[in-house]
Amino acid sequence: MEAALSTEQHGHAGSHGHSESFLRHYIFSTDHKMIAKQFMVTAIIFLFIGGAFALFIRWQLAYPGEPIPLIGKLLPSTWVNEAGAVTAEWYTQLLTMHGSIMIFAVIIPLLVGTFGNFAIPLMIGADDMAFPFLNMVSFWLFPVAGVLMMGGFFMEGGMAAAGWTAYPPLSAIASYGQTLWIVALFLIGFSSILGAVNYITTVLNMRAPGMKMFDLPMTVWAVFITAIIITIGTPVLASALAMLFMDNFLHTSFFQPENLIVPTRDMSRTAGGGQPLLWQHLFWFYSHPAVYIMILPGMGVVSDVLSTFSRKPLYGYKAMVFAIIAIAFLGIIVWGHHMFQSGMNPLLGTTFMVSTMVIAVPSAIKTFNWLGTMWRGKMEFTTPMLNAVAFVSMFVIGGLSGIFMASTPVDVFIHDTYFIVGHIHYVLFGGSLFAVFAGLFYWFPKMTGRMYDERLGKWHFWITFITFNGTFFPMHILGVGGMMRRIFDPTVYDFLKPFQPMNEFITINAMILGFAQFLLVYNLGYSWFRGRKAKRNPWRANTLEWQAPSPPPHGNFDRPLHVYHGPYEYSSPLTVQDYLPQTTSPEEIEEQRRHHETRLKQKNEATAHQE
């Protein structure tokens, strides 16, 4: 292993004069920084596709049967009726594809693909990933999978329509679009596994001299633990997808029950005798840890941002590390809380209920430590800081609503209602995407060598924050009122008609929320080429990536590194500055102190002379 790593590493070391062709540099790159940018751009494209699907869903719920404004009659006839209104068939496809794209093609690639690739080598002082070629393959599997997932648009029967959870037997007898969805998810899982193996190997074997595991920043710890979750959970999902593909395409019966009657399909070649519930166990064994795959890297990013802009050490650093490990372990053993309605043994259900509630303990440790980090700090409310604080507050709301659903008697009432929709969006938008925004703005100067527009960044934050809460908080009220999760037209039920003004309010906020993201794209795109030149360390941060030039060249660093300190030595009594980079040696600290004392002495003498 060491020989292999050495071979890969020395291929990049000391090659700052390195030149590559356009294809090799921008398309089929093996440089971790370019791959991070590829993940970022591709995921943002899918963010707008998934967001557009969400707005179509919201239009139908607020104004059932009404034509979609401006573009309704321009959409394909398989999507809308003659008037330009959403059809019931397309609505189920929208629900499926919105969830699938946002989870598998936006949040996971942004948090794990973009930040994992960009931050890990720079934050541990490495010149690249352990396996650069595997890194390139892990990226290119992602857009191929995304295109395949969308390929159902060109197939008879349309895109996948069994929900993002793809419960059989519906998903096992669905259209070719569902088959493409299965293949796409398998490729995304394979991409995740390749990336996870790379992250684990890189962190364990390629840290800078002097850097111990407890000198790692929280972002690296979080992605490292996330990679372990991926290697444990994703092969289980892959096996389930392989069986579902065979049920869907080859007429096997892993999940197809006996005597299943489908009017539109010949079931004579299907033996039956399978277990639909088996899919739920296999799917949620991956997909509940996937919630932590989508939130743990965000926790790491937010920890670094809060400490930097509070100008204080991260409160309870080791407790934060062990809390992440505890969340990862508990997240793997609580998948059954998604299945309280499945008729499971009450004793088993109680076990899942208690273990789910216990996850609140390490989550609360992290929350209190974030508050402790900010407490009495010299806070600088930059755009990354605002998004990080929003992450903490929104994650608390999402976590508290999760405690309701962890209780079996309560979950029986609110299961598959809009309470669940509100909860998951507070965790995955209010949590994950605010962390993504914080990380994008925080590392943008290092990634591009340019500063973003602070004013536009704050406009984007405040519009997003206000309309996000206006969109998703009322969903909890709708859920308690009984509004079903996958309903097509709420007005057909008399008891839901009084909630219709609330649906309209949610949709208006969702529209503003969606279009506000163009501010983000404009800010990042314009600043990338026209922004003010960034200094090497504009945030006065301690971690190793800020010791590299902005943007870092091929090989990352222009001088050898040695780590002497932890990543959060802000306001340290050892130094006269309010930050202490990890690479500052004791000799440099002493030299800074002598220089500072000399300047003070000269200043005092000048003052005394004037008097």
Side-chain angles (χ1 to χ4, degrees), residues 46-102 105 146-167 169-171 173-181 184 262-265 416-418 421 425 471 474-475 478 482-515:
F46 279 113
L47 172 67
F48 279 90
I49 295 172
F53 288 175
L55 295 184
F56 290 140
I57 293 169
R58 284 308 324 166
W59 178 262
Q60 168 60 25
L61 290 172
Y63 311 104
E66 294 290 325
I68 300 171
L70 301 178
I71 62 169
K73 292 190 177 182
L74 302 177
L75 295 173
S77 58
T78 52
W79 290 9
V80 295
N81 60 24
E82 292 180 357
V86 175
T87 63
E89 293 78 14
W90 189 43
Y91 186 80
T92 57
Q93 296 173 33
L94 287 172
L95 286 174
T96 302
M97 296 302 294
H98 167 68
S100 303
I101 288 171
M102 289 303 202
V147 171
L148 273 178
M149 189 181 288
M150 299 292 296
F153 170 69
F154 302 101
M155 297 287 180
E156 184 181 354
M159 295 177 286
W164 79 271
T165 56
Y167 280 3
L170 179 59
S171 60
I173 59 172
S175 65
Y176 289 122
Q178 187 70 46
T179 307
L180 290 176
W181 182 94
V262 182
T264 58
R265 180 166 174 158
D416 268 346
T417 69
Y418 256 76
V421 180
H425 283 87
T471 300
M475 289 183 182
L478 291 177
M483 181 167 162
M484 293 74 87
R485 183 175 183 176
R486 297 180 180 91
I487 191 170
F488 173 64
D489 182 357
T491 61
V492 302
Y493 295 96
D494 288 338
F495 75 94
L496 290 180
K497 287 180 180 177
F499 292 110
Q500 203 54 22
M502 191 176 292
N503 269 317
E504 294 176 7
F505 175 80
I506 290 172
T507 295
I508 292 168
N509 277 275
M511 296 282 182
I512 300 171
L513 174 64
F515 284 102

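We use all heavy atoms of the structure for the numbers below, so side chains are in, but hydrogens, waters and symmetry mates are not.
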**Report entry** Set of residues satisfying side-chain hydrogen bond (donor to acceptor under 3.5 Å, both in side chains) with respect to Thr417, sequence neighbours excluded
**Finding:** none
Query raised in the report: Which residues pass the side chain to side chain contact (heavy atoms under 4.5 Å, CB included) test with Met155, sequence neighbours left out?
Result: Tyr176, Leu180
Query raised in the report: How would you list all residue pairs meeting salt bridge (charged side-chain N to carboxylate O under 4.0 Å, His left out) that involve residues 492-508, not counting sequence neighbours?
Result: Asp494-Lys497
Query raised in the report: Is any side-chain heavy atom of Arg486 less than 4.5 Å from a side-chain heavy atom of Asp416?
Result: yes
Requested in this report: With sequence neighbours left out, write down each residue that passes side-chain hydrogen bond (donor to acceptor under 3.5 Å, both in side chains) with Tyr493, or none if nothing qualifies.
Outcome: none
Query - Pairwise distance CG(Leu75) to CD1(Ile71) - rounded to 0.5 angstrom - result: 5.0 Å
Report task. For Gly158 and Ser175, work out which heavy atoms get closest and say how close. Result -> O-OG, 3.6 Å
Query raised in the report: Which atom names give the shortest non-hydrogen contact between Phe46 and Gly146, and what distance separates them?
Result: CZ-CA, 3.5 Å
Report task. Take Ile101 and Met150 through the side-chain contact (heavy atoms from CB on, under 4.5 Å) test and state the conclusion after the steps. Result -> CA-CA 9 Å; Ile101 288 171; Met150 299 292 296; 3.6 Å; yes
Query raised in the report: Which residues satisfy the side-chain hydrogen bond (donor to acceptor under 3.5 Å, both in side chains) test with Ser100, sequence neighbours excluded?
Result: Trp181
Requested in this report: Kindly write out the residues that satisfy side chain to side chain contact (heavy atoms under 4.5 Å, CB included) with His98, not counting sequence neighbours, or none if the list is empty.
Outcome: Phe53, Ala54, Ile57, Met102, His425
Report summary line: Rounded to the nearest 0.5 Å, the CE atom of Met511 sits from the CG atom of Leu55 at a distance of 5.0 Å
Report task. Identify, with sequence neighbours excluded, every residue that meets side-chain hydrogen bond (donor to acceptor under 3.5 Å, both in side chains) alongside Asp489. Result -> Thr491
Query raised in the report: With sequence neighbours left out, which residue pairs that include part of residues 505-514 fulfil the side chain to side chain donor-acceptor pair (under 3.5 Å) condition?
Result: Arg58-Thr507
Query raised in the report: Where the side chain of Gln178 meets the backbone of Ile173, is there a donor-acceptor pair that is under 3.5 Å apart?
Result: no
Requested in this report: Enumerate the residue pairs fulfilling side chain to side chain donor-acceptor pair (under 3.5 Å) with a member in residues 82-95, sequence neighbours excluded, ordered by first and then second residue.
Outcome: none
Report summary line: Residues at least two apart in sequence or cross-chain that pass side chain to side chain contact (heavy atoms under 4.5 Å, CB included) with Ala52, listed by chain then number, are none
**Report entry** Over all atoms of both residues, closest heavy-atom pair of Met484 and Ile487
**Finding:** O-CG2, 3.3 Å
Query raised in the report: Which pairs count as side chain to side chain donor-acceptor pair (under 3.5 Å) when at least one residue sits in residues 70-80, sequence neighbours excluded?
Result: none
Requested in this report: Would you please name every residue forming a side chain to side chain contact (heavy atoms under 4.5 Å, CB included) with Leu478, sequence neighbours left out?
Outcome: Tyr418, Met483, Phe499, Met502, Asn503, Ile506
Query raised in the report: When rounded to the nearest 0.5 angstrom, what distance separates CH2 in Trp59 from CD1 in Ile68?
Result: 8.5 Å
